[in-house]
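The structure under discussion appears below in the form of structure tokens.
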Amino acid sequence: MDEKKNEEYEHQTPEWINNLNEPNKKYDELTAEKQYDSLKRKQKHYKNMRFEIARLIDMNFDDNTKFLTLTFKENIQNIETTNDEFKKFIKRLNYQTYKTKKSQIKYLATWEKQKRGAIHYHIVLFSFPFVPHERLMKIWGHGLVWINKIDVDAVENRGRYLSKYFDKDLDLKEHKKKAFFKSQNLKIPKETKRLTEQEYDTNGQEVLHTKNYIRRSPKFSEELNESGALEQVVEFEESNVKYTKIKKDKNTETH
């Protein structure tokens with residue numbers, strides 16, 4: 001009985017362990033199945049990041065926050081080319097607005113690739129002064145420009161509304177290309193992470209998100225094989241985890 005059980009449950013090394021020694025491959029070199037898996041991981045990552053982006057927007061939003069869209073009159077489909085032009089634009093806009101090469105602009109930006117391949121940019125500008133539309137068009141110099149003050153009905157909806165642009169059409173975005181950019185001078189929300197084995201009391205608190213999952217933690221050890229040599233063995237220990245995000249009171253720091 002024991003021998004049969006051992007045969008049925010023979011240890012199998014997880015695929016990610018087997019892949020540790022494989023050379024990194026470019027996206028185009030992957031099989032169709034691995035390309036699909038890679039794209040799905042990217043989509044999941046950026047969808048999870050939407051909450052973090054919303055918090056960034058809420059943390060930096062003020063009366064001079066504006067929403068800017070940049071387009072190319074030519075159908076440029078190479079993201080490296082358009083990203084380069086976007087970075088140059090930010091430098092020109094910074095200098096023309098603040099008369100210094102030192103970065104002053106506060107922004108959060110994403111690019112969007114339409115089905116026909118055309119690339120354009122959505123940018124949230126924080127604490128941005130008034131600049132005439134004609135001047136913005138000249139500074140950009142590649143196509144049309146739209147800029148608007150952000151009019152959202154409620155304070156708590158600002159980040160949620162704007163963050164939708166940052167996980168839009170992720171399947172059209174190229175593999176391993178950053179989906180969004182931010183300036184280094186943004187105020188970053190503070191987080192406190194607590195690990196506890198006791199049930200956390202959330203009564204009277206605003207729960208933003210909760211999720212139950214099973215965590216599998218690898219445990220590495222060495223054992224003698226049939227030849228008498230040491231070999232590495234990987235076993236996994238499972239534990240039930242409940243993950244909860246809580247918004248702190250507005251009178252205190254947001255976590």
Side-chain angles (χ1 to χ4, degrees), residues 39-70 83 86-87 90 93-94 97 103-113 120-129 146-173 176-196 199-213 215 241-255:
L39 185 58
K40 286 300 178 184
R41 285 195 300 271
K42 178 182 179 181
Q43 290 175 334
K44 182 178 179 181
H45 168 72
Y46 281 114
K47 283 187 178 296
N48 291 339
M49 282 296 295
R50 181 174 173 178
F51 175 78
E52 307 301 330
I53 291 167
R55 293 182 68 213
L56 264 178
I57 293 170
D58 288 336
M59 192 79 180
N60 291 275
F61 199 97
D62 60 17
D63 291 338
N64 288 317
T65 297
K66 299 176 179 68
F67 189 72
L68 177 67
T69 300
L70 305 173
N83 277 349
F86 168 75
K87 292 172 185 176
I90 289 294
L93 183 62
N94 185 84
T97 305
S103 180
Q104 300 291 321
I105 290 181
K106 298 179 180 180
Y107 71 88
L108 195 59
T110 187
W111 57 277
E112 188 176 341
K113 195 169 188 178
H120 60 272
Y121 289 81
H122 297 299
I123 308 152
V124 182
L125 295 165
F126 303 101
S127 305
F128 191 71
W146 287 273
I147 187 166
N148 302 96
K149 231 183 150 176
I150 298 167
D151 185 17
V152 182
D153 56 352
V155 172
E156 59 270 18
N157 290 336
R158 291 167 176 171
R160 186 171 56 184
Y161 171 77
L162 291 172
S163 64
K164 69 181 182 181
Y165 290 95
F166 289 78
D167 69 352
K168 186 179 177 183
D169 296 330
L170 286 174
D171 55 323
L172 299 178
K173 294 190 175 181
K176 288 190 177 178
K177 302 298 183 186
K178 288 180 67 174
F180 69 92
F181 312 90
K182 66 181 179 70
S183 59
Q184 299 301 310
N185 53 358
L186 295 180
K187 291 183 288 186
I188 307 298
K190 293 183 179 180
E191 278 190 357
T192 298
K193 294 184 179 181
R194 296 176 182 172
L195 182 63
T196 175
E199 184 74 19
Y200 189 77
D201 184 8
T202 59
N203 288 331
Q205 301 186 69
E206 183 178 352
V207 176
L208 299 171
H209 175 71
T210 186
K211 179 180 179 181
N212 294 293
Y213 62 94
R215 180 173 59 195
V241 177
K242 183 177 182 181
Y243 177 71
T244 306
K245 280 188 178 181
I246 300 169
K247 184 176 181 180
K248 291 201 71 178
D249 188 273
K250 292 181 179 180
N251 296 323
T252 62
E253 293 180 340
T254 302
H255 286 63

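Everything numeric here is computed off the predicted structure, so don't read it as measured data. Residue numbers count from 1 along this sequence.
With a 4.5 Å cut-off on side-chain heavy atoms, Tyr107 and Leu68 do not count as touching. Residues His120 and Thr69 meet the side-chain proximity criterion, which asks for heavy atoms closer than 4.5 Å. Residues Ile105 and Ser183 form no side-chain contact, since every pair of their non-hydrogen atoms from C-beta on lies 4.5 Å or further apart.
Listed here is the closest heavy atom pair of His122 and Glu112: NE2-OE1, 2.9 Å. Nearest heavy atom pair, residue Ile188 against residue Met59, reads O-CE, 4.3 Å. Annotation for Asp63 and Lys149: closest pair O-CE, 2.8 Å, computed over non-hydrogen atoms. Heavy-atom minimum distance, Tyr121 versus Phe181: CE2-CE1, 4.4 Å. Here the closest non-hydrogen pair linking Thr97 and Pro129 is CG2-CG, 3.6 Å.
Distance alone, capped at 3.5 Å, is enough to place a donor-acceptor pair between the Lys66 side chain and the Phe128 backbone.
For the atom pair CD1 (Ile90) and CG (Leu125), the distance works out to 6.5 Å, reported to the nearest 0.5 Å. In this structure, Thr65 OG1 and Lys106 NZ are separated by 9.5 Å, a value rounded to the nearest 0.5 Å. To the nearest 0.5 Å, the span separating CG on Leu186 from CG on Leu108 amounts to 6.5 Å.
A donor atom on one side chain and an acceptor atom on the other are not found under 3.5 Å apart for Asp62 and Asn64.
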